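First up is the structure itself, then whatever we jot down about it.
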Amino acid sequence: MPLLFIILFVAAIFAIWYFTDKKPNQIKKTIAVCGVMLSIIGLFAFINDPEEAEIVAKPQPVSSTNRLPKTGETKTLPIYIANEFTTDQKGRAFISGDAPVGTTVTIKETGFSLTTTENYFSLPYQLTKQKDQLITVLFTKDDQKETKTIRVIAPEKLIQDSSH
């Protein structure tokens, strides 16, 4: 969305120049000035928008390919998932990320799985010990399989409570 405001800003600056020097027209120049102000306000709104910042901080892909596989080469699933998740004070977390529609996502340690109906998944996980744990998440679609090891981080309060 910020790209739209950047394009509006550039077009409005061009329009101000055009309707000032090339073909003077005060009304259209005023509209162009309003466009510049609108684009600046829109850009500041997106800079301060926490949801937009969350999109920028999206996890890196486990593996991805946009080309067709060569003979003998296996194609990998385009999966996006963070390397670690922090639990709440009771040791609960939601393991979430992006995977193609129809992908079966399974937490190996619990056996809990789901098949994606959208390009997004979210699986609940409960720490079985009161410390950080590594879990394995399996992704399966057709004949393609991916495995990702995820770190589930216990909050300090949970660790301290268990040491007393």
Side-chain angles (χ1 to χ4, degrees), residues 1-10 35-164:
M1 195 64 146
L3 181 62
L4 178 68
F5 289 111
I6 292 170
I7 292 170
L8 175 62
F9 180 79
V10 171
V36 168
M37 290 189 297
L38 179 67
S39 66
I40 290 172
I41 291 169
L43 283 172
F44 280 117
F46 275 99
I47 288 171
N48 295 326
D49 186 8
E51 288 180 14
E52 189 70 23
E54 189 176 302
I55 292 170
V56 173
K58 193 167 196 158
Q60 295 299 314
V62 172
S63 58
S64 176
T65 180
N66 293 330
R67 58 185 173 80
L68 293 174
K70 295 178 182 174
T71 306
E73 187 179 87
T74 59
K75 184 177 179 187
T76 57
L77 292 169
I79 297 167
Y80 296 86
I81 187 169
N83 291 323
E84 55 187 39
F85 292 88
T86 304
T87 65
D88 63 9
Q89 296 301 320
K90 295 182 180 179
R92 299 176 299 205
F94 280 94
I95 310 304
S96 60
D98 296 340
V101 173
T103 302
T104 301
V105 183
T106 307
I107 297 178
K108 185 177 179 184
E109 288 72 12
T110 62
F112 191 79
S113 68
L114 63 79
T115 301
T116 57
T117 56
E118 297 179 8
N119 288 332
Y120 178 79
F121 66 89
S122 182
L123 295 168
Y125 183 76
Q126 174 74 43
L127 287 175
T128 55
K129 299 177 184 170
Q130 295 171 335
K131 63 179 185 175
D132 297 357
Q133 292 179 333
L134 292 177
I135 62 170
T136 304
V137 182
L138 307 171
F139 301 91
T140 309
K141 182 174 181 184
D142 302 328
D143 60 344
Q144 300 171 336
K145 292 183 180 181
E146 294 286 334
T147 304
K148 177 72 175 168
T149 302
I150 305 297
R151 182 175 179 222
V152 180
I153 302 170
E156 289 297 320
K157 183 177 186 295
L158 186 66
I159 294 170
Q160 290 171 356
D161 289 347
S162 68
S163 63
H164 288 109

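Owing to the predicted nature of the structure, the values given are computational and were not obtained by experimental measurement.
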Problem set entry | Qualifying residue, where the test is side-chain contact (heavy atoms from CB on, under 4.5 Å) with Phe139 and the options are Lys145, Lys148, Gln144 |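 Running side-chain contact (heavy atoms from CB on, under 4.5 Å) over Lys145, Lys148, Gln144 with Phe139 returns exactly one hit, Lys148.
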What I'd like to find out is whether the side chain of [X] reaches to under 4.5 Å of the side chain of [Y], using heavy atoms alone.
| X | Y | answer |
| --- | --- | --- |
| Val101 | Thr117 | no |
| Leu38 | Leu8 | yes |
| Leu123 | Val105 | yes |
| Thr115 | Thr103 | no |
| Leu114 | Phe121 | yes |

Is [X] reaching over with its side chain to a backbone N or O of [Y], donor-acceptor style, under 3.5 angstrom?
| X | Y | result |
| --- | --- | --- |
| Thr116 | Pro100 | yes |
| Thr110 | Phe112 | yes |
| Gln126 | Lys90 | yes |

To the nearest 0.5 Å, tell me how far [X] [atom1] sits from [Y] [atom2].
| X | Y | atom1 | atom2 | value |
| --- | --- | --- | --- | --- |
| Thr104 | Leu138 | OG1 | CG | 10.5 Å |
| Arg151 | Ile153 | CZ | CD1 | 4.5 Å |
| Phe85 | Asp132 | CZ | CG | 14.0 Å |
| Lys141 | Glu146 | NZ | CD | 12.5 Å |
| Ile79 | Asp98 | CD1 | CG | 10.5 Å |
| Ile81 | Ile150 | CD1 | CD1 | 4.0 Å |

Intermediate values then yes/no, side-chain hydrogen bond (donor to acceptor under 3.5 Å, both in side chains), Gln133 and Tyr125: CA-CA 11 Å; Gln133 292 179 333; Tyr125 183 76; 2.8 Å; yes
| field | Closest non-hydrogen atom pair between Ala154 and Thr87, with its separation | value |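 Looking at all heavy atoms of both residues, the shortest contact is CA-OG1, 3.7 Å.
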Which atom names give the shortest non-hydrogen contact between Tyr120 and Gly97, and what distance separates them?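 So the minimum-distance heavy-atom pair works out to CD1-O, 3.2 Å.
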Discussion item. Working note: Val152 + Ile95, criterion side chain to side chain contact (heavy atoms under 4.5 Å, CB included); need CA distance, chi angles, decisive distance, verdict.
Written reply: CA-CA 9 Å; Val152 180; Ile95 310 304; 4.2 Å; yes
